[in-house]
Amino acid sequence: QVQLVESGGGLVQPGGSLRLSCAASRSVFSFNTMGWYRQAPGKERAMIATITVGGSTNYADSVKGRFTISRDNAARTVFLQMNSLKPEDTAVYYCYGVTMARNNYWGQGTQVTVAS
C-alpha cells in the first residue's frame, strides 16, 4: 500500500513559522505531483500548494508569498515552509501525492493551530 506520513504540525503564535514534511512510506513508488491541502471545520478541503517532479510550483492566493513548497525526490519527501502565519491558517493540513500511474494518495492530516 502507498502511505504518506506527515510531521511538523503543532501550535504557533501569529507571525511565527512552521515546516511540514511528508514522505512516502515505501521506496518502490514515485510521485509525479506532490502537494498540500488544508481544511478548517465547516469548510471544503482546499489546495494550498503543489509541486511537480520537475520543480514547477503552484500556490493558492491565500498563501502566496508566505508559504513555500519544495521536494526531495530521492527521499520521496515534500515540504511546506509556512511563514508569517495568521489565525486564519488554522486548519488540518493534508499531504498528497500523484503516482506515475496517475492515482491520488493522501496523508492522514496534521493539525496546525495559530494562536496567542
Side-chain angles (χ1 to χ4, degrees):
Q1 75 286 358
V2 175
Q3 296 190 67
L4 297 173
V5 181
E6 300 166 325
S7 62
L11 174 66
V12 65
Q13 65 181 329
S17 297
L18 285 174
R19 186 172 187 248
L20 305 182
S21 301
C22 174
S25 62
R26 294 186 61 84
S27 63
V28 68
F29 299 104
S30 61
F31 293 88
N32 189 3
T33 298
M34 301 188 76
W36 294 91
Y37 285 62
R38 70 185 182 187
Q39 186 170 25
K43 298 182 180 179
E44 293 184 347
R45 187 177 299 189
M47 186 277 291
I48 56 174
T50 62
I51 185 167
T52 69
V53 67
S56 297
T57 58
N58 189 33
Y59 296 94
D61 288 342
S62 59
V63 306
K64 192 172 185 179
R66 299 188 297 120
F67 292 9
T68 302
I69 189 170
S70 61
R71 67 187 290 171
D72 181 337
N73 292 326
R76 311 181 320 281
T77 302
V78 63
F79 306 94
L80 185 68
Q81 178 67 46
M82 305 186 293
N83 298 326
S84 302
L85 283 162
K86 307 173 181 179
E88 53 262 45
D89 294 318
T90 297
V92 177
Y93 284 69
Y94 296 89
C95 175
Y96 86 95
V98 182
T99 68
M100 298 303 173
R102 300 178 181 176
N103 296 314
N104 296 327
Y105 294 88
W106 293 90
Q108 77 286 352
T110 186
Q111 179 70 44
V112 172
T113 302
V114 185
S116 298

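Position 1 is the first residue of the sequence, and the numbers go up from there.
Counting heavy atoms from C-beta outward, T57 and T50 have side chains that stay 4.5 Å or more apart. Within the 4.5 Å cutoff, the side chain of R38 has heavy atoms near those of the D89 side chain. L4 is not listed as a side-chain neighbour of V78, based on a closest heavy-atom distance of 4.5 Å or more. Side-chain contact between L80 and I48 is present, with heavy atoms from C-beta onward closer than 4.5 Å. Side-chain contact between F31 and M100: absent, with no pair of heavy atoms (C-beta onward) separated by less than 4.5 Å. A heavy-atom distance below 4.5 Å is not found between the side chains of V92 and T110.
R76 places a side-chain N or O within 3.5 Å of a backbone atom of A24 that can act as its donor or acceptor partner. One N or O on the side chain of N73 and one on the backbone of V53 form a donor-acceptor pair closer than 3.5 Å. Between the side chain of T90 and the backbone N or O of E88 there is no donor-acceptor pair closer than 3.5 Å. One N or O on the side chain of E6 and one on the backbone of G109 form a donor-acceptor pair closer than 3.5 Å.
The closest side-chain donor-acceptor pair between D72 and T77, if any, does not fall under 3.5 angstrom.
Residues in residues 74-102 take part in these ring-ring contact (aromatic ring centres under 6.0 Å, His included) pairs, two or more places apart or across chains: Y37-Y96, Y96-W106. Identified under the disulfide bond (SG atoms under 2.5 Å apart) test for residues 42-116, with sequence neighbours left out: C22-C95.
When every heavy atom of A49 is checked against every heavy atom of Y59, the shortest pair comes out as CB-CD2, 3.8 Å. Between A91 and A40 the shortest heavy-atom distance is CB-N, 4.0 Å. Nearest approach of L20 to M82, heavy atoms of both residues: CG-CE, 3.8 Å. Summarising the geometry of S84 relative to S17, their closest heavy-atom pair is N-OG, 4.4 Å, with the distance given to 0.1 Å. Between S25 and V5 the shortest heavy-atom distance is CB-CG2, 4.3 Å.
Under the 4.5 Å side-chain heavy-atom criterion for Ile, Leu, Val, Met, Phe, Trp and Tyr, Y105 and I69 are members of the same hydrophobic cluster. F67 and V12 fall within the same hydrophobic cluster, defined by Ile, Leu, Val, Met, Phe, Trp and Tyr side-chain heavy atoms under 4.5 Å apart, directly or through other members.
Atom CD of residue Q39 and atom CD of residue E44 lie 8.5 Å apart, to the nearest 0.5 angstrom. Once rounded to the nearest 0.5 Å, the distance linking OG1 of T113 with CG of L85 reads 11.0 Å. We find the CG-OG1 distance between N83 and T68 to be 6.5 Å, quoted to the nearest 0.5 Å.
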